[in-house]
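Below is one structure, written out as structure tokens, with a few remarks after it.
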Amino acid sequence: MNLITSSINTVNYTNLPFEFENEYFYTYIFKLYEKFYLYKILDEFKASIKVPKVKEKLLNFTNDIWVHEITNSDNGILMYKEISESLELNKIYEKAKRQYDLVYKDFRVRKNEIANKVIFTILIISLAINIINFVALIRLK
């Protein structure tokens with residue numbers, strides 16, 4: 001991130017350096033943090049470790065950081081958007097969401113397969129018990 005100004009406009013050497021030091025620079029650092037955190041989440045999805053924890057991290061990131069703007073000034077908002085575009089944060093975030101969807105759906109399918117096997121086993125046992133009871137009932141008559 002660079003700051004190139006001239007001394008033609010007094011704002012360039014009075015207010016702009018102060019804004020750059022106290023707002024724009026920290027905005028850039030915050031956006032870098034977002035980028036690294038998203039890459040960390042993507043790596044955890046690739047490793048397929050503890051899907052619920054990674055899901056919680058992504059949801060917390062989305063709710064606490066992604067949807068909020070960090071400044072109210074017009075220049076700050078413009079800088080915020082420009083930094084996001086230059087770091088390609090929207091693409092990385094969408095990739096993380098897609099990866100989450102794939103991993104979470106796979107996790108749910110596996111969980112449902114286990115539940116279906118248990119239900120099928122209980123059904124077979126129940127059917128066997130009913131057949132035994134039916135045979136016993138016919139012998140009693």
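Since the model is a prediction, treat every value here as computed from it, not as a measurement. These numbers come from the heavy atoms of this one structure, side chains and all, not from hydrogens, waters or symmetry mates. FYI, the numbering just counts along the sequence from 1.
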Stepwise side-chain contact (heavy atoms from CB on, under 4.5 Å) test for D74 and L78
CA-CA 6 Å; D74 293 335; L78 181 63; over 6 Å; no
Begin from the C-alpha positions of E88 and K91 and carry the test side-chain contact (heavy atoms from CB on, under 4.5 Å) through to its verdict.
CA-CA 6 Å; E88 297 179 342; K91 290 179 184 178; 3.9 Å; yes
Between CG on residue L137 and CG on residue N130, distance to nearest 0.5 Å:
11.5 Å
Whether the side chain of S126 engages the backbone of I122 through a donor-acceptor N/O pair (distance < 3.5 Å, no angle test) should be reported.
no
Steps toward side-chain contact (heavy atoms from CB on, under 4.5 Å) verdict (R110, I114)
CA-CA 6 Å; R110 281 194 228 144; I114 293 171; 5.6 Å; no
Anything under 30° is parallel, anything over 60° is perpendicular, the rest tilted; go ahead and classify F61 against W66.
tilted
Do I83 and Y24 have side chains that approach each other closer than 4.5 Å (heavy atoms only, starting at C-beta)?
no
Measure the spacing between OH of Y100 and CG of L59 and express it to the nearest 0.5 Å.
5.5 Å
So, using side chain to side chain donor-acceptor pair (under 3.5 Å) as the criterion, who are the partners of Y80 when residues are at least two apart?
K31
CG/L42 to CZ/R98 distance, rounded to the nearest 0.5 angstrom?
9.5 Å
Supply the atom-to-atom distance K97 NZ to L58 CG, rounded to the nearest 0.5 angstrom.
8.5 Å
In this structure, would I124 and I132 fall into the same cluster of hydrophobic residues linked by side-chain contacts under 4.5 Å?
no
A96 to L38 - nearest heavy-atom pair and separation
CB-CD2, 4.4 Å
I need the M79 CE to F25 CZ distance, nearest 0.5 Å.
12.5 Å
In short, I92 meets L87 closest at the heavy-atom pair CD1-O, 3.8 Å
Evaluate side-chain contact (heavy atoms from CB on, under 4.5 Å) for I65 paired with Y37, printing each intermediate quantity in order.
CA-CA 11 Å; I65 297 173; Y37 195 80; 5.8 Å; no
Output for pair (L32 CG, T27 OG1), nearest 0.5 Å, gives 11.0 Å
Taking the side chain as everything from C-beta on, heavy atoms only, tell me whether L127 gets closer than 4.5 Å to L123.
no
Of all heavy-atom pairs linking E44 and V54, the shortest is OE1-CG2, 3.6 Å
